[in-house]
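To start, the structure itself, in structure tokens.
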Amino acid sequence: MSKKVKIAIAGLGNCASSIIQGLEYYKDADDDQFVPGLMHVRFGDYHISDVEVVAAFEVNERKIGKDVSEAIWEHPNCARKFADVPHLGVEVLPGPILDGVAPHMRESFHVYDESKISPVNVADVLKESGADVLINFTPVGSEEASRAYAQAALEAGVSLANGIPTFIVSDLNWAKKFKDAGIPVAGDDIKSQLGATILHRVLMKLALDRGIRVTETFQLNVGGNTDFENMKYENRLHTKRISKTQAVTSILPYEVPTRIGPSDYVEFLQDEKVCYITLKGTNFGENPLEVQLKLSVQDSPNSAGVMIDVVRGLKIARDRGLAGPIYTLSAYSFKHPPVQIPDFEAKELLERFIKGEDDKELAKPYLSQFPLE
Amino acid sequence: MMKINVAIAGVGNLAAGLVEALQFYQEHDATKHGVQYPSLGGYLLKDINIVAAFDIDARKVGKDITEAIRITLNKREPFVKDLKPLNVKVLKGPLEDGISEMTKEFIPISEESEVDIAEVLDKTNAHILIIALPTGANKAVYKYAEAAIKADVAVINATPTPLARNPVWAKKFKQAKIPYVGDDLQSKAGGTVLHKGILDALNDQGVRVINTYQLDVSGGFEGLNTLDVERRTLKRQVKEDTIRRAMPYDLNIASGTTDYLEFLGDRRIGHFYIYAKYFMDAPLKIDMRMESYDSPNGAATLVDTIRALQIARNLVMSGPINEISSYYFKQPPIILNRTRAKEQFERFINQY
């Protein structure tokens, strides 16, 4: 059993930057130390310092050819710097562009010239690098590009951690492909440590449990990084809206007027994300009740810890010879998993998975949501 | 006092607010219920008389205006419970570019034949035409303006289409000896007013604002229109510019309608944020939330504008009336800060 968790990253943006900085920042953490954002410093057999970047793919010509440790500081990345990253000896390679870059993003992303640079064969690189897990961090709306990376992972026998709301792990056909190939995967659309989705879900669950009838609810999100710039156009964020909305509406057994989504790009916010949630309802005697809250958070570090747990969870699954979606890991860590499990229970089930229990057994009561098994 | 006869093009939120307000203040004392100027040059709210209305929506055309506004306001409780019919039937106006890509699937177009606007204005003895069409309906706005000139009727341009600030039109109105005001009617107590007021106050105290935003969500069709990124970006730039011009230094501003929440109906919710530095660069943050209704907020400004424009008519003024436009519109020909605009407006009224 390899004691390392080798990861490849498709899309070296703010999320990747925060992960890479985090690996450095916490490399000497004690096993039992509390680290905000990680379930455990030692997750199963794997210490955070066992996670190692072995390959990175990009479309930004300012990042391609540089060492990962330098590329993460290139424009348009704007994630806050919280750690110095030493030279990693991993060169950023040109990945396929496909639909990863929306027409209005060509400039911001500094897309390479396809007549001068041709993309590498991702599957070959994955094999040569010995990667265990490929993280998909391409921009929201990358349907073809995400599937190209998923296909490469399939061919190379590498696990996929799908960070974006293109439905792959939660898609029956793709889930079956990975299952048949004997590869464990987790997805889709990474959840934040404490983001809008989890906060909104908890609020809805609370209303439900306390017998409040919710009459309308909405969640507005604004930010200034390229994630928000990319999602300015409605056609780019179709699946994102579904993913974010279902994560919240799935809590209630009845329908409620709801509006959820990335609402606007406010450039000067940079990597700060601001979220407003309003929930209106009625209590006893149909009397009105209203909750309003504002969440303000650095966007990309918010999911970095979760992803570092995910890649180690997938490595454990590989060690155990599991295949297909890892249900408990996906339910806890992603907004649009194959099966939704209430958050607190999902955490408990995932802890039991880490300790050695069988993922499918643990998720059994929920598996009817996803007729793969 | 003579009545002021008004016609309105576009039976949306603004028309709804006006119709309700006129009835509301027949039963309520204006001095005690939120009217800034109960009397303007001797004109009271009850002197305003709606005589004609135009729209293109099949659900509205042919109905009495008091019924037609219910379609606009389907989501909110009326401020006036039992509206008495005004016996003003909504007539089919010109469509032109009054419908955008975003709104077309929601609005059934009336198949009635289009009326001659100038003829209707003439017959109904209208003094003032209010243009309250959706943002971006430039051609339709110009068509109504043309008809008003033909019928010798003064114009209030509530839309952002350049009319008052367009020199070509200013000349036309001047030559026809007709006064008019615009562009882009400002809500009485809306987000922009509040935002500018607070920035002003901070400024006055030597606080330096670094970043600020005002992001609104609404359920009106104006909100739906903003889902079109191009239209939204344009509107946003205009709003941000007016705020930036009122500040003595540069700062980061984002301001505008940010999303459409159908179930909000006539409601509007604004989230405000200000990050500033003051003495010794100590940071200062302000978070605010404002919930309001669009139609009364617009109508509150409209009833002042109508009466003031009538005064301009009585004074035989012509062309753009800056004393009114600078105070009540977001994009007037001349932008003044609020205090100066108010002084100028009140001086204009008092001389009458």
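Order of the sequence lines fixes the chain letters, A, B, ..., with proteins taken first and strands second; residue numbering starts at 1 for each chain. For clarity, every value in this text was computed on a predicted model and none was experimentally measured.
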Query raised in the report: Around B:Tyr249, counting heavy atoms of other residues, nucleotides and ligands shown, do more than 12 lie under 6.0 Å from its OH?
Result: yes
Query raised in the report: Heavy-atom count around A:Arg147 CZ within 6.0 Å, excluding the residue itself: above 12?
Result: yes
Query raised in the report: Does B:Glu27 CD have over 12 foreign heavy atoms under 6.0 Å away?
Result: yes
Query raised in the report: Side chain, backbone, both or neither: which part of B:Ser255 has a non-hydrogen atom closer than 4.5 Å to chain A?
Result: neither
Query raised in the report: Is B:Phe279 atom CZ crowded by more than 12 heavy atoms from other residues, nucleotides or ligands, each under 6.0 Å away?
Result: no
Report summary line: One should read off an interatomic distance between B:Tyr275 OH and A:Leu269 CG, to the nearest 0.5 angstrom, of 12.5 Å
Query - Interchain contact, B:Glu291 with chain A, by part (heavy-atom threshold 4.5 Å) - result: side chain
Query raised in the report: To the nearest 0.5 Å, how far apart are CZ in A:Phe218 and CD1 in B:Ile269?
Result: 3.5 Å
Query raised in the report: What distance separates A:Lys294 NZ from B:Arg289 CZ, expressed to the nearest 0.5 Å?
Result: 13.0 Å
Query - Approximate separation, where rounding is to 0.5 Å, of A:Leu220 CG and B:Asp259 CG - result: 6.0 Å
Query raised in the report: Has B:Arg338 got more than 12 heavy atoms of other residues, nucleotides or ligands less than 6.0 Å from its CZ?
Result: no
Report task. Over all heavy atoms of both residues, which pair between A:Thr217 and B:Phe263 is shortest? Give the atoms and the distance, please. Result -> O-CZ, 3.8 Å
Query - Region of B:Ile253 that comes under 4.5 Å of a non-hydrogen atom in chain A - result: backbone
Requested in this report: To the nearest 0.5 Å, tell me how far B:Leu264 CG sits from A:Glu216 CD.
Outcome: 6.0 Å
Requested in this report: Sort by residue number and list every member of residues 258-267 of chain A having a non-hydrogen atom under 4.5 Å from chain B.
Outcome: A:Thr258, A:Arg259, A:Ser263, A:Asp264, A:Tyr265, A:Val266
Query - Spacing of OH belonging to A:Tyr276 relative to OH belonging to B:Tyr273, to within rounding of 0.5 Å - result: 8.5 Å
Report task. Mark yes when over 12 heavy atoms from residues, nucleotides or ligands other than A:His238 sit less than 6.0 Å from its NE2; otherwise mark no. Result -> no
Requested in this report: Flag yes if more than 12 heavy atoms outside B:Lys196 fall under 6.0 Å of its NZ atom; otherwise flag no.
Outcome: yes
**Report entry** Atom NZ of B:Lys81: over 12 foreign heavy atoms under 6.0 Å
**Finding:** yes
